[in-house]
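As the structure is a computational prediction, the values presented were derived from the model and not from experiment. Values reported hereafter were calculated over all heavy atoms of this structure, with side chains retained and with hydrogens, waters and symmetry mates removed. Sequence lines set the chain letters: A, B, ... in the order given, protein chains first and strands last, and positions in each chain run from 1.
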Amino acid sequence: MDYLEHLNEPQREGVINTEGPCMIIAGAGSGKTRVLTMRIAHLIQSKNVDPFNILALTFTNKAAKEMRDRIEGVVGTEARNLWMGTFHSIFARILRTEADKLGYPSNFTIYDTDDSKSLIKNIVKEMGLDDKVYKPNGVLNRISGAKNRLISWQEYLRNPIYKADDESAMKPELGNIYRTYVDRCFKASAMDFDDLLFNTNVLFRDHPDTLNKYQQRFQYVLVDEFQDTNISQYLITKKIAAVRQNICVVGDDAQSIYAFRGADIQNILNFEKDYADLRIIKLEQNYRSTQNIVNAANSVINKNRAQLKKNVWTSNDIGDQIELLKATSDNEEGKLVASSIFEEKMHHQLTNNDFAVLYRTNSQSRAIEEALRRMSIKYKIIGGLSFYQRKEIKDILAYLRFVINQNDEQALRRIINLPKRGIGTATVDKLVVAAYDHELSLWDVISNIGQFIGGRSANAITQFATMIKAFKVETERKDAFEASSYIAKNSGLLRELYEDKTIEGLSRYENVQELLNAIKEFVVNPENEDKSLGAFLQEVALITSVDESDKDNMDAVTLMTIHMAKGLEFKNVYVVGMEEDLFPSQMMLSSRADLEEERRLFYVAITRAKRRLYLSYALNRYRFGRLKTCEPSRFLEDVDPEYIKVNKLSRSRDLQVSTNSNLGYTKNFINSVKQPVNQPTRKIHRPSADFVPSDISKLAEGMKVEHAKFGFGVVTRMDIQGANKKAKVNFENHGEKTLLLSFAKLKILS
DNA sequence: GCGTAACCTGTTTTT
DNA sequence: CAGGTTACGC
């Protein structure tokens with residue numbers, strides 16, 4: 001057991017005390033993951049526990065995979081038999097095997113947030129309610145909140161408090177929407193994210209024999225990131241561990257940042273009350289950061305009232321002070337960060353991988369990206385729009401989903417007229433009415449359409465039904481890759497994308513090919529026994545943007561939200577946008593609890609840094625298309641001044657405004673390109689400034705432009721032809737295109 | 001049914 | 001700003 005030698009005393013305790021309930025409070029950077037992996041390795045190696053009897057719940061699929069790999073390094077391939085994954089993926093798996101007990105088929109669909117929202121939208125419309133009052137987002141939040149607290153629609157309707165609440169909010173129908181929503185999900189053989197947990201609770205509540213089966217199987221239960229579990233998740237673990245009481249939770253109340261998703265910090269604060277003989281272990285030594293960073297972080301978190309007592313310290317060197325960067329605008333902030341990264345790289349021989357830029361909201365990445373690109377610093381963005389959330393991918397997946405489960409209403413609505421086959425909204429409405437009148441499913445109506453409606457669209461529907469039936473036959477015979485290739489081709493989706501020769505059309509086509517590659521990989525992977533399309537869909541439903549980690553080994557600066565940064569560390573960290581209303585977010589200013597959660601988020605951001613930390617804010621920022629003046633965040637005052645210095649003041653002069661700065665076509669750009677032009681041409685001088693936004697109409701025939709930038713990329717050369725209408729444009733990444741330019745703006749880069 | 005243009009509106013984080 | 005929705009002409 002030589003691995004125990006490298007652990008400090010509390011860490012060792014956390015590893016070897018495997019029996020009975022245990023809570024490990026692990027301060028930031030205290031080697032939590034190490035303890036957890038060693039504990040599991042210890043169980044397998046020294047206590048001879050079969051990996052099959054260990055349940056380890058993590059926060060992301062990626063964390064599970066990493067931990068499994070590390071355990072495999074210690075105990076070997078045996079580790080593959082561990083039950084390790086997110087709450088959602090583990091219990092989705094269990095629900096599939098036990099589905100019949102809840103009246104679900106085992107091939108049930110998992111609705112993502114978009115599916116849920118559009119279903120709610122349909123329901124609100126069908127109930128004849130005002131969708132301005134019952135906004136899908138708000139309604140879903142309400143339903144989700146209820147499910148996370150294990151409140152069924154029956155209880156919701158019965159509870160006078162909710163009723164009064166909803167009535168005073170002028171939304172008395174919320175309970176009825178909840179009821180209809182649950183009913184429709186059930187009829188669609190679908191579960192949303194919250195149902196995966198809610199229904200697991202129902203399963204264990206109503207089927208003691210099933211609960212007992214899993215209690216026997218999971219002799220050891222471990223929960224990582226315990227501070228971010230909600231009540232529903234907590235009760236599941238509590239039930240499973242009820243017999244053997246071998247439950248170990250690991251977390252840090254100071255890093256609880258998911259209350260908006262139902263996470264309840266009380267789970268960790270009250271854990272002691274549930275287990276009388278609880279062993280509490282505190283990991284307080286930080287191995288990650290300099291003293292300055294640890295102390296600064298402590299000075300911030302101590303402003304919070306709700307917390308467990310602990311004393312995080314480090315024996316690392318003192319390190320540099322935190323630097324505060326101040327910029328005049330968001331673009332200036334980007335420049336400051338980019339040039340700081342450039343300098344740091346030079347002075348300290350660092351690689352791009354040593355840097356991370358963290359922000360509160362995804363939209364903040366734009367200015368940073370632009371600045372990094374200009375300085376030719378490679379970067380990667382983690383999070384944001386996931387590959388699987390792209391429209392073209394969701395379209396294909398909707399086909400696949402529907403072929404597997406014909407009850408899947410949301411998938412059907414998505415594909416029934418895609419590509420266009422003459423089945424418009426009016427026809428779909430008729431279908432819905434017919435299904436409702438005869439108490440049939442939409443698919444029943446569609447596959448026997450002749451009995452319900454006639455006319456032109458009936459023909460199109462028959463063709464659609466025939467096609468789906470053919471796809472079904474294919475999937476039964478073939479593996480996931482062959483089946484999905486067949487469907488992509490024969491649905492007409494692939495052809496439609498192929499025929500779209502615009503730059504985005506091209507990338508959409510490539511994305512679909514990419515999806516097919518992923519399915520191929522799934523089929524080829526020997527770890528996957530079931531190679532059917534159904535098995536693939538089951539896996540894909542719970543993939544999130546963090547899990548798409550093919551960017552892992554490239555040398556690039558990491559850009560992400562602070563939420564995504566949980567559990568990661570970097571030598572140098574920049575926290576940008578330290579402005580009041582942005583961070584803390586204006587939505588979180590209403591209650592003390594919310595403000596404290598924002599402060600914990602700030603704490604998480606600070607503690608990601610190993611060596612150097614920069615905080616920055618801008619005095620002006622574009623938000624919702626408007627330029628706003630900003631004030632420094634109140635959180636800056638929470639940092640003890642001893643640990644911070646104001647280092648760089650922006651030297652910048654004017655605010656520089658850019659248009660068409662995104663990659664990809666912007667709507668305004670497309671509109672401007674489309675317009676016919678009759679503008680007089682004028683000569684312009686080659687600009688000497690850093691860059692100037694320039695009107696295309698100022699460009700004259702025969703003029704050449706170099707190093708300019710358009711809506712969709714960097715221009716290497718541009719020849720203006722004819723009276724200002726056409727230009728041959730050579731793009732860095734997209735080759736040559738002939739475009740109508742008219743009113744479009746471009747930026748001339750220096 | 002479909003395509004277009006004008007209008008409207010959200011404005012946090014994500015399993 | 002950008003994405004979604006609606007009204008309208010074909």
Side-chain angles (χ1 to χ4, degrees), chain A residues 57-64 85-92 110-114 116-118 121 125 131-132 135-138 141 144 148 192-197 225 228-230 232-233 257-263 358-364 366 382-386 389 391 417 419-428 455-457 460 541-547 560-566 577 581-589 594 597-598 600-601 604-605 621-628 657-662 664-671 674-675 711:
Chain A
L57 297 159
T58 58
F59 197 69
T60 63
N61 294 308
K62 194 181 172 189
T86 61
F87 274 92
H88 290 88
S89 67
I90 293 281
F91 293 108
I110 297 172
Y111 272 176
D112 66 14
T113 314
D114 286 344
S116 299
K117 274 190 231 162
S118 78
K121 217 166 140 186
K125 200 174 152 196
D131 60 358
K132 302 236 160 42
K135 292 174 192 162
N137 248 326
N141 279 341
S144 176
N148 284 330
D192 66 16
F193 287 140
D194 305 316
D195 286 334
L196 296 174
L197 307 172
E225 306 284 9
D228 290 319
T229 54
N230 59 39
S232 179
Q233 291 167 321
I257 54 173
Y258 280 95
F260 70 91
R261 213 172 70 191
L358 308 181
Y359 35 78
R360 179 68 236 269
T361 71
N362 277 308
S363 60
Q364 286 169 259
R366 202 223 71 222
I382 313 289
L385 192 65
S386 141
Q389 284 173 291
K391 183 188 175 297
N417 199 27
K420 297 256 147 56
R421 50 173 74 87
I423 306 171
T425 40
T427 309
V428 175
R456 228 180 23 236
S457 46
L542 296 169
I543 288 181
T544 59
S545 49
V546 222
D547 303 322
M560 62 186 150
T561 63
I562 303 167
H563 280 90
M564 308 288 288
K566 196 179 66 172
D581 285 358
L582 183 62
F583 189 27
S585 155
Q586 81 269 33
M587 314 212 72
M588 298 297 257
L589 297 178
D594 285 347
E597 171 147 328
E598 289 284 291
R600 288 194 292 271
L601 196 54
V604 169
R621 179 180 298 277
Y622 273 96
R623 289 234 267 162
F624 328 126
R626 303 232 155 267
L627 189 66
K628 290 205 174 152
V657 180
S658 68
T659 49
N660 286 327
S661 55
N662 307 331
Y665 295 102
T666 68
K667 194 155 119 184
N668 287 352
F669 178 77
I670 292 170
N671 287 341
K674 273 186 202 151
Q675 290 187 26

- Item | Position toward the 5' end of DNA chain B (nearest nucleotide), A:Ser457 or A:Arg623 | A:Ser457
- Please name the pair of heavy atoms, one in A:Ala460 and one in A:Ile423, separated by the smallest distance, quoted to 0.1 Å. CB-CG1, 3.8 Å
- Item | Spacing between A:Arg621 atom CZ and C:dC1 atom P, to the nearest angstrom | 16 Å
- Message: I need the CG-P distance between A:Asp131 and B:dG10, as an integer number of Å.
- Response: 11 Å
- Between C:dG3 (C1') and A:Lys391 (NZ): distance, integer Å: 14 Å
Heteroatom pairs (N/O) under 3.5 angstrom, protein to nucleotides 12-15 of chain B:
unit_1, atom_1, unit_2, atom_2, d
B:dT12, O2, A:Arg360, NH1, 2.9
B:dT12, O2, A:Arg360, NH2, 2.3
B:dT13, OP1, A:Asn362, N, 3.0
B:dT13, OP1, A:Asn362, ND2, 3.3
B:dT13, O2, A:Arg360, NH2, 2.7
B:dT13, O2, A:His563, NE2, 3.2
B:dT14, OP1, A:Thr561, OG1, 3.3
B:dT15, OP1, A:Thr544, OG1, 3.3
B:dT15, O4', A:Arg261, NH1, 3.0
B:dT15, O2, A:His88, NE2, 3.2

- Message: Would A:Ser144 and A:Asp194 count as a side-chain hydrogen bond (donor to acceptor under 3.5 Å, both in side chains) here? Give the steps.
- Response: CA-CA 6 Å; A:Ser144 176; A:Asp194 305 316; 2.8 Å; yes
- With sequence neighbours excluded, what pairs up with A:Asp228 under the salt bridge (charged side-chain N to carboxylate O under 4.0 Å, His left out) test? A:Lys566
Which protein N or O atoms sit under 3.5 Å from an N or O of nucleotides 8-10 of chain C?
none

- Task: Apply side-chain contact (heavy atoms from CB on, under 4.5 Å) to A:Asp112 and list each qualifying residue two or more places apart in sequence or on a separate chain.
- Result: A:Asp114, A:Asp115, A:Phe193, A:Lys394
- Task: Please state whether the phosphate of B:dG10, meaning OP1 or OP2, lies under 4.0 angstrom from any side-chain nitrogen or oxygen of A:Lys135.
- Result: yes
- Any residue meeting salt bridge (charged side-chain N to carboxylate O under 4.0 Å, His left out) with A:Asp594, in chain and number order, not counting sequence neighbours: none
- Residues in salt bridge (charged side-chain N to carboxylate O under 4.0 Å, His left out) with A:Lys391, at least two apart? A:Asp395
- Give the rounded distance in Å between these two atoms: CZ of A:Arg626 and P of B:dG10. 15 Å
- Between atom CG in A:Asn137 and atom P in B:dT9, what is the gap in whole Å? 15 Å
- Message: What contact category does A:Lys566 fall into here, base, sugar-phosphate, or nothing, at under 4.0 angstrom with non-hydrogen atoms?
- Response: nothing
- Listed partners of A:Arg621 passing side-chain hydrogen bond (donor to acceptor under 3.5 Å, both in side chains), at least two apart: A:Glu333, A:Glu579
- Mind checking what makes side-chain contact (heavy atoms from CB on, under 4.5 Å) contact with A:Ala541, not counting sequence neighbours? A:Ile110
- With sequence neighbours left out, what residues match A:Thr561 under side-chain hydrogen bond (donor to acceptor under 3.5 Å, both in side chains)? none
